[in-house]
S.K.: 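Below is one structure. I have some questions about it.
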Amino acid sequence: ASLSGILEEWKEVGLICGVVVINVLIGLVQEGRAEKAAEAIKKMLSASATVIRDGEKIEIDAANLVPGDIVAVKAGDAVPADLRLFEVTKMSCLEAMLTGESMPIPKIVDTVAEESALGDRKCLAFSATMVMDGDGKGVVIGTGDYAEIGRISSMVGKVDTKPTNLMVQ
């Protein structure tokens, strides 16, 4: 009887150790995926932007954009920052990475309520989305971590690296 009791305890110990090992492996895989996702988002960001300063269009590094800059975009451009559009000509943007929409979203200049869902904000062009048709101009309202894609990247990049009990031991 005592022998069967000892064997049952070893089964439980083995089961617990197996669960812990599987849990650690899953955590490592998820952390790696989160880091890869954050890197992929950074690669999607535009490297340059066409800004209008003193009435002239000039090309600058997108990292130098600040809220209030006027940016011009056209078909084929990656949107360099979150823009509040004030002029559009048959413009549409592919926003699949933000909204899940597989079709380009037509852009308008009419304002929408601030609490509108991301997919309903048709007067905004979002950083890292692609202009598929037309062209437009907008005022920069968000860059880097303050753009929608930056907020998502920040959330994905915040992986809790708290060590597990097994790691501590």
S.K.: Quick check on the hydrophobic clustering: are L98 and M132 connected, directly or via other members, by side-chain heavy-atom contacts under 4.5 Å?
M.R.: no
S.K.: If I take atom CG from residue D120 and atom NZ from residue K122, how far apart are they, to the nearest 0.5 angstrom?
M.R.: 6.5 Å
S.K.: Taking the side chain as every heavy atom from C-beta outward, state whether D133 and M91 have any atom pair closer than 4.5 Å.
M.R.: no
S.K.: Rounded to the nearest 0.5 Å, what separates atom OG1 in T129 from atom CG in L124?
M.R.: 10.0 Å
S.K.: For residues 79-88, which side-chain N or O atoms pair as donor and acceptor with protein atoms under 3.5 Å away, sequence neighbours left out?
M.R.:
from: D82; atom 1: OD1; to: S127; atom 2: N; distance (Å): 2.8
from: D82; atom 1: OD2; to: E148; atom 2: N; distance (Å): 2.8
from: R84; atom 1: NH1; to: V109; atom 2: O; distance (Å): 3.3
from: R84; atom 1: NH2; to: V109; atom 2: O; distance (Å): 3.1

S.K.: In a table with atom names and distances, give each donor-acceptor pair under 3.5 Å that connects a side chain of residues 62-74 to protein atoms at least two apart or in another chain.
M.R.:
from: D69; atom 1: OD1; to: R53; atom 2: NH2; distance (Å): 3.2
from: D69; atom 1: OD2; to: R53; atom 2: NH2; distance (Å): 3.0
from: D69; atom 1: OD2; to: V66; atom 2: N; distance (Å): 3.1
from: K74; atom 1: NZ; to: D77; atom 2: OD1; distance (Å): 3.4

S.K.: If you count the non-hydrogen atoms of other residues, nucleotides and ligands that lie under 6.0 Å from CD in E56, is the total more than 12?
M.R.: no
S.K.: Which heavy atom of M97 sits nearest to which heavy atom of L94, and what is that distance?
M.R.: SD-O, 4.3 Å
S.K.: Answer yes if V140 and M130 sit in the same cluster of Ile, Leu, Val, Met, Phe, Trp and Tyr residues linked by side chain heavy atoms under 4.5 Å apart, and no otherwise.
M.R.: no
S.K.: Grouping I, L, V, M, F, W and Y whenever their side-chain heavy atoms are under 4.5 Å apart, do V131 and I60 come out in a common cluster?
M.R.: yes
S.K.: Please list all pairs meeting side chain to side chain donor-acceptor pair (under 3.5 Å) that have one or both residues in residues 103-117, counting only residues at least two apart or in different chains.
M.R.: E95-K107
S.K.: Roughly how far, to the nearest 0.5 Å, is the CD1 atom of I58 from the OG atom of S48?
M.R.: 12.0 Å
S.K.: Quick one: pull up OG in S92 and CD1 in I105 and give me the separation to the nearest 0.5 Å.
M.R.: 8.5 Å
